[in-house]
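Structure, as structure tokens:
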Amino acid sequence: MSVERTLCIIKPDAVEKKKAGAILALLEEAGFSILACKRVQLTRPVAEGFYAVHRARPFFGELVDFMIRSPVFLVVLERENAVMHYRKVMGATDPAKADANTIRKLYGTSVGENAVHGSDSLENARIEIAYFFAANKVAPVAS
């Protein structure tokens with residue numbers, strides 16, 4: 001297996017509930033290294049650009065409104081098989097269907113407010129990380 005990077009967004013619902021620290025701790029316990037982390041208030045144009053792939057879907061406007069309602073944490077994670085492992089740690093999109101002790105089961109409340117975002121492929125992880133972080137703002141791979 002190779003060392004990979006993936007993007008985590010701790011969404012407004014989890015930040016509002018003050019669960020960002022607990023989520024970050026859970027990620028470190030799951031073997032992830034946190035290479036970059038910042039708390040930001042997304043603007044409408046930034047959120048619309050990030051979720052542009054969903055622009056034609058009926059939930060797009062609601063998603064953007066949700067993502068800009070309060071701050072989020074943008075996090076670059078690294079470990080072996082990071083994309084797949086993070087998706088397992090996140091849990092199913094619907095917290096009611098998520099496995100026990102996953103982030104979404106612990107901190108999500110609905111399909112729309114499910115605590116975290118995660119890249120769905122290695123290619124998208126690269127695109128998503130670059131969308132929010134200049135290359136010189138992400139810690140290099142530990143040697």
Side-chain angles (χ1 to χ4, degrees), residues 2-141:
S2 63
V3 174
E4 299 173 350
R5 294 178 178 184
T6 192
L7 182 74
C8 162
I9 301 176
I10 302 175
K11 294 180 179 181
D13 57 318
V15 176
E16 291 163 359
K17 294 174 192 167
K18 302 187 183 314
K19 297 301 181 186
I23 291 169
L24 292 170
L26 194 152
L27 292 168
E28 286 186 316
E29 289 169 13
F32 290 95
S33 295
I34 297 170
L35 301 185
C37 180
K38 60 185 176 182
R39 182 179 185 266
V40 301
Q41 177 71 53
L42 297 179
T43 64
R44 183 169 298 281
V46 168
E48 287 175 345
F50 184 74
Y51 288 108
V53 66
H54 299 302
R55 188 173 301 278
R57 296 193 150 164
F59 61 81
F60 178 75
E62 184 179 330
L63 173 61
V64 170
D65 288 345
F66 167 61
M67 292 301 292
I68 66 173
R69 84 175 185 203
S70 61
V72 299
F73 280 82
L74 303 170
V75 187
V76 179
L77 301 172
E78 182 179 79
R79 67 161 280 158
E80 285 188 3
N81 205 18
V83 173
M84 188 173 83
H85 191 71
Y86 178 49
R87 297 200 62 80
K88 184 176 176 183
V89 170
M90 278 192 312
T93 302
D94 181 350
K97 296 177 182 174
D99 290 340
N101 298 316
T102 60
I103 295 169
R104 289 177 170 159
K105 182 59 113 183
L106 293 168
Y107 305 114
T109 56
S110 68
V111 172
E113 297 199 10
N114 58 16
V116 290
H117 163 88
S119 305
D120 62 1
S121 68
L122 192 53
E123 180 182 346
N124 281 340
R126 288 184 188 109
I127 293 166
E128 291 178 353
I129 291 167
Y131 189 83
F132 290 115
F133 292 92
N136 66 347
K137 299 296 182 188
V138 178
V141 175

| Interatomic distance, Lys11 atom NZ to Leu63 atom CG [nearest 0.5 angstrom] | 6.5 Å
| Within-4.5 Å side-chain heavy-atom neighbours: Asp13 and Phe66 | yes
| With a 4.5 Å heavy-atom cut-off, do Ile10 and Leu24 have their side chains touching? | yes
| Say you draw a straight line from CZ of Phe132 to CG of Leu42; how long is it, rounded to the nearest 0.5 Å? | 5.5 Å
| task | Would you mind reporting whether Asn81 and Glu4 have side-chain heavy atoms less than 4.5 Å apart? | result | yes
| note | On a heavy-atom basis, the closest approach of Ala82 and Phe32 is O-CE2, 3.8 Å
| Backbone N or O of Gly118 within a donor-acceptor pair of the Arg87 side chain at under 3.5 Å? | yes
| request: Mind listing the closest non-hydrogen atom pair of Ala14 and Ala115 along with its distance? | output: CB-O, 3.8 Å
| request: Side-chain contact test, heavy atoms from C-beta onward, threshold under 4.5 Å: evaluate it for Leu7 versus Phe50 and give yes or no. | output: yes
| Using 4.0 Å as the upper bound for N to carboxylate O, is an ion pair formed by Arg69 and Glu113? | yes
| task | Please assess Ile23 against Leu26 for the test side-chain contact (heavy atoms from CB on, under 4.5 Å), listing each intermediate value before the final yes or no. | result | CA-CA 5 Å; Ile23 291 169; Leu26 194 152; 5.6 Å; no
| field | Sub-4.5 Å side-chain heavy-atom contact between Lys19 and Leu106 | value | no
| query | Tell me the side-chain hydrogen bond (donor to acceptor under 3.5 Å, both in side chains) pairs involving residues 35-47, sequence neighbours left out? | reply | Arg44-Asp65
| Flag if over 12 foreign heavy atoms under 6.0 Å of NZ, Lys17 | yes
| said: Would the distance check show the side chain of Asn114 and the main-chain N or O of Thr93 forming a donor-acceptor pair, the cut-off being under 3.5 Å? | reply: yes
| Minimal non-hydrogen separation, Ser119 against Val83, with atom names | O-CG1, 3.7 Å
| task | Starting from the C-alpha separation in whole Å, work towards a yes-or-no answer on side-chain contact (heavy atoms from CB on, under 4.5 Å) for Val138 and Glu78. | result | CA-CA 11 Å; Val138 178; Glu78 182 179 79; over 6 Å; no
| Is a side-chain donor or acceptor of Arg79 paired with a backbone partner of Tyr86 at a separation under 3.5 angstrom? | no
| task | Please report the closest heavy-atom contact between Pro12 and Ser70, naming both atoms and the distance. | result | CB-OG, 3.2 Å
| query | Do Thr6 and Cys8 come within less than 4.5 Å of each other through their side chains, counting heavy atoms only? | reply | no
| said: Using side-chain heavy atoms (C-beta onward) and a distance below 4.5 Å, is Asp99 in contact with Lys105? | reply: no
| Does the side-chain contact (heavy atoms from CB on, under 4.5 Å) test come out yes or no for Arg55 and Glu48, once each step is laid out? | CA-CA 8 Å; Arg55 188 173 301 278; Glu48 287 175 345; 4.1 Å; yes
| task | Output yes when a side-chain donor or acceptor of Tyr51 lies under 3.5 Å from a complementary backbone atom of Val64, and no otherwise. | result | no
| With side chains defined as the heavy atoms from C-beta onward, is the minimum distance between Met67 and Ile9 less than 4.5 Å? | yes
| note | What one should report as the nearest heavy-atom pair of Ala22 and Tyr107 is CB-OH, 3.4 Å
| Between CG on residue Leu35 and CZ on residue Arg5, distance to nearest 0.5 Å | 5.0 Å
| task | Say whether, by atom type as modelled, one donor and one acceptor occur between the side chain of Arg104 and the main chain of Val111 under 3.5 angstrom. | result | no
